[in-house]
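Hydrogens, waters and symmetry mates play no part in the numbers below; they use all other heavy atoms, side chains included.
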Amino acid sequence: MTATATDAATFEDVSSSYRDLLSKLKAVTQLKRVSSVLSYDQQVFMPHADEASAARGAQMAALAGVIHEKATDKVIRTLLDNADADLAKFEGSTTDEKRILQLTREAYEKNERIPAELEARKAELGARAHSTWVKARSADDFTMFQDTLKECFDTAKEVADAQRGEDKDVPLYTQMLDDYEKGMPAERIDQIFGDIEDAVVPLLSKVLESKDKPSTNALKGTFPIDAQEDLSKKIVTALGFDESHGRIDVSVHPFTMSMSPSDVRITSRFREDEWYQGLAGSVHEGGHAMYEQNLANSGLDIDNYLSMGCHESQSLFWERHVGLSLPFWKWAAPLLKEAFGDDFNYTPEEVYGAVNGVVPGLIRVEADELCYPLHVILRYRLEREVVEGTLEVSEIPNKWNQMMKDMIGVDVPDDAQGCLQDVHWSALAIGYFPTYLLGSATAAQLAHYCKQDIPDFEDKIEAGEFKAIKAWLTDKVHRHGRRYSSLDALLEDQLGEPLNPKYFVDYLTTKYTDLYQC
């Protein structure tokens, strides 16, 4: 074959190796999407019986084996080598093609290092561990989950050790981070988190000592679940979630799952004695979903999300910099009255004060903006200590409870509201937690620059006009997929500087010193 551009031919036109490679990669993507369907069904619709969980675990393990086999097919390496050789001789534009081959080689070599048996065992364990976690949380008994959790940590370490190959100088925890935030080693996270903690701790202390606290009465009462679900759907779709290409359901833990950009599903959870957490969860997951819905549907890694910190920035941009702003409640307060009746008679300013109230609590997903960073830092430090061998899994509850007291000032009454509250470790997602705070910092940085580019940012929110804001995010983040090597690289190119926590610190300081007059 000739790998020379003629008559504006694309590289795919002239390289049969590249065409065959793309075909194989897209087949693996479709199988991964099937796995997502099974996972979503397990978490939302499937029966909770032990037998159902075991059967689903066997199904997912079998599918994981097939995916791993196809993703590590030796033909892929041959096609990669041939396509690279063709690319070197091709005279046309090849920016995306180079990145596709780079991403493919990185993923292939990483996957190739994991034995098929380990990949299948990991999938089976994930299904079993989720079921065990749900039961332990319901029973408020960490000991029911302890042995399985140790197995999760041990298996995750085994996978990370395999992935790093011969380069044992890479710490296991940094290797785990690579799955969720490529290009962000633990040392860089320590620096970012240190800057945030140094600012948040004294600010939180000042806020809690303030005598000028906003009332939280607007959050209290009885709010029918069906009214909350309708309200959440109305607001999330107004922000830009395309329900014709997705679903909104209810689950134990809110999450987003993409089967493709044309089928992106979100879940939330609701309770009758408080309305905001269910809505906030819906807006948060809606932000994730809008990112997924605006990725190109090529079926290739280049059009996947960049990183989990980047993903989290999209959910937190909408949840906090839009959904926790006063202009938002000037638009949304009438929708609350419409949903909950005339007895819900609060002004936008009163609702704004209530939803931004700072009350140290137990639950990460319900934490206010000032306490949330400390929740994440706690989990980051705990899981890192377990991976590094300085903390035993059996010691997690006591260490968790002590850190909650020391950092946030609350006593943990039980495991369900303590170390059993999050789903992540049961999914072997170790290294995931720090991406939440990286996302918080990124969201603040994006909001700063978005307001520069859209001077009437707040006026648009107050009018319920969100299209320009969503379009800005699509231009700066969504459309690029994984064309950048890291979150820092994306931000530096699109905004002019890498991730800088000062915007997050400035946002929190300005907002809460004003709200609490401290």
Rounded at 0.5 Å granularity, tell me how far [atom1] in [X] sits from [atom2] in [Y].
{"X": "Leu316", "Y": "His284", "atom1": "CG", "atom2": "NE2", "answer": "5.0 Å"}
{"X": "Asp212", "Y": "Cys518", "atom1": "CG", "atom2": "SG", "answer": "9.0 Å"}
{"X": "Asp414", "Y": "Arg137", "atom1": "CG", "atom2": "CZ", "answer": "10.5 Å"}
{"X": "Asp226", "Y": "Leu231", "atom1": "CG", "atom2": "CG", "answer": "11.5 Å"}
{"X": "Leu378", "Y": "Met403", "atom1": "CG", "atom2": "CE", "answer": "4.0 Å"}
{"X": "Tyr276", "Y": "Leu279", "atom1": "OH", "atom2": "CG", "answer": "7.0 Å"}

Are any of the side-chain heavy atoms of [X] and [Y] separated by less than 4.5 Å?
{"X": "Leu335", "Y": "Glu338", "answer": "yes"}
{"X": "Lys182", "Y": "Ser486", "answer": "no"}
{"X": "Val207", "Y": "Ser210", "answer": "no"}
{"X": "Met144", "Y": "Leu420", "answer": "no"}
{"X": "Asp179", "Y": "Gln163", "answer": "yes"}
{"X": "Pro254", "Y": "Arg269", "answer": "yes"}
{"X": "Asn294", "Y": "Leu473", "answer": "no"}
{"X": "Glu388", "Y": "Leu172", "answer": "no"}

Between [X] and [Y] (side chain of the first, backbone of the second, donor and acceptor by atom type, cut-off under 3.5 Å), is there such a pair?
{"X": "Trp275", "Y": "Thr222", "value": "no"}
{"X": "Glu312", "Y": "Ala443", "value": "no"}
{"X": "Thr174", "Y": "Pro185", "value": "no"}
{"X": "Thr267", "Y": "Phe255", "value": "yes"}
{"X": "Lys330", "Y": "Glu349", "value": "no"}
{"X": "Gln421", "Y": "Leu362", "value": "yes"}
{"X": "Glu369", "Y": "Leu508", "value": "no"}
{"X": "Ser36", "Y": "Met259", "value": "no"}
{"X": "Asp303", "Y": "Leu295", "value": "no"}
{"X": "Gln228", "Y": "Gly278", "value": "no"}

Does a side-chain N-to-carboxylate-O contact under 4.0 Å join [X] and [Y]?
{"X": "Arg483", "Y": "Asp493", "value": "no"}
{"X": "Asp178", "Y": "Arg164", "value": "no"}
{"X": "Lys511", "Y": "Asp514", "value": "no"}
{"X": "Asp342", "Y": "Lys337", "value": "no"}
{"X": "Lys168", "Y": "Asp161", "value": "yes"}

Compute whether any side-chain donor of one residue and acceptor of the other, for [X] and [Y], lie under 3.5 angstrom apart.
{"X": "Arg482", "Y": "Tyr305", "result": "no"}
{"X": "Glu497", "Y": "Tyr449", "result": "yes"}
{"X": "Thr442", "Y": "Ser313", "result": "no"}
{"X": "Ser307", "Y": "Glu181", "result": "yes"}

With salt bridge (Lys or Arg N to Asp or Glu O under 4.0 Å) as the test, pick out the partner of Glu151 among Arg128, Lys157, Lys122.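 That would be Arg128.
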Under 30°, 30 to 60°, or over 60°: which ring-plane class applies to [X] and [Y], parallel, tilted or perpendicular?
{"X": "His130", "Y": "Trp133", "value": "tilted"}
{"X": "Trp400", "Y": "Trp425", "value": "perpendicular"}
{"X": "Trp331", "Y": "Phe466", "value": "perpendicular"}
{"X": "Phe142", "Y": "Phe145", "value": "perpendicular"}
{"X": "His480", "Y": "Tyr484", "value": "perpendicular"}
{"X": "Phe344", "Y": "Phe223", "value": "perpendicular"}
{"X": "Tyr173", "Y": "Tyr380", "value": "tilted"}

Single hit among Glu285, His288, Glu292, Arg265 for side-chain hydrogen bond (donor to acceptor under 3.5 Å, both in side chains) with Thr256: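 Output: one option passes, namely Glu285.
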Could you walk me through whether Gln191 and Asp195 pass the side-chain hydrogen bond (donor to acceptor under 3.5 Å, both in side chains) test, one step at a time? CA-CA 6 Å; Gln191 174 258 314; Asp195 289 350; 3.1 Å; yes
Other residues, nucleotides and ligands only: do more than 12 of their heavy atoms fall within 6.0 Å of NZ on Lys451?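 Count over threshold, so yes.
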Neighbour count above 12 (heavy atom, 6.0 Å) for Lys110 NZ: yes
Taking all non-hydrogen atoms of both residues, which atom of [X] and which atom of [Y] are closest, and how far apart?
{"X": "Ile461", "Y": "Pro327", "result": "CG2-C, 3.8 Å"}
{"X": "Val410", "Y": "Gly361", "result": "CG2-O, 3.9 Å"}
{"X": "Leu370", "Y": "Val200", "result": "O-CG1, 3.2 Å"}
{"X": "Glu383", "Y": "Phe153", "result": "O-CE2, 4.0 Å"}
{"X": "Lys234", "Y": "Thr237", "result": "O-OG1, 3.1 Å"}
{"X": "Ile248", "Y": "Lys233", "result": "CD1-CG, 3.9 Å"}

Kindly determine whether Leu499 and Phe504 satisfy side chain to side chain contact (heavy atoms under 4.5 Å, CB included), including the steps that lead there. CA-CA 10 Å; Leu499 179 57; Phe504 184 51; over 6 Å; no
Assess the pair His321 and Tyr503: is the distance between their ring centroids shorter than 6.0 Å?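 No, the ring centres sit 6.0 Å or more apart.
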Establish, for the pair Arg320 and Tyr372, whether the NZ or CZ atom is under 6.0 angstrom from the six-membered ring centre and no further than 45 degrees off its axis. yes
Has Arg247 got its NZ or CZ under 6.0 Å from the middle of the six-membered ring of Tyr40, at an angle within 45 degrees of the ring axis?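 So Arg247 doesn't make the cation-pi contact.
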Are Leu374 and Val201 close enough, and set up right, to give a side chain to side chain contact (heavy atoms under 4.5 Å, CB included), and what steps lead you there? CA-CA 8 Å; Leu374 302 179; Val201 169; 4.2 Å; yes
Under the criterion side chain to side chain contact (heavy atoms under 4.5 Å, CB included), I'd like the reasoning laid out for Phe328 against Leu239: C-alpha separation, chi angles, the key distance, then a yes or no. CA-CA 11 Å; Phe328 178 82; Leu239 294 177; 4.3 Å; yes
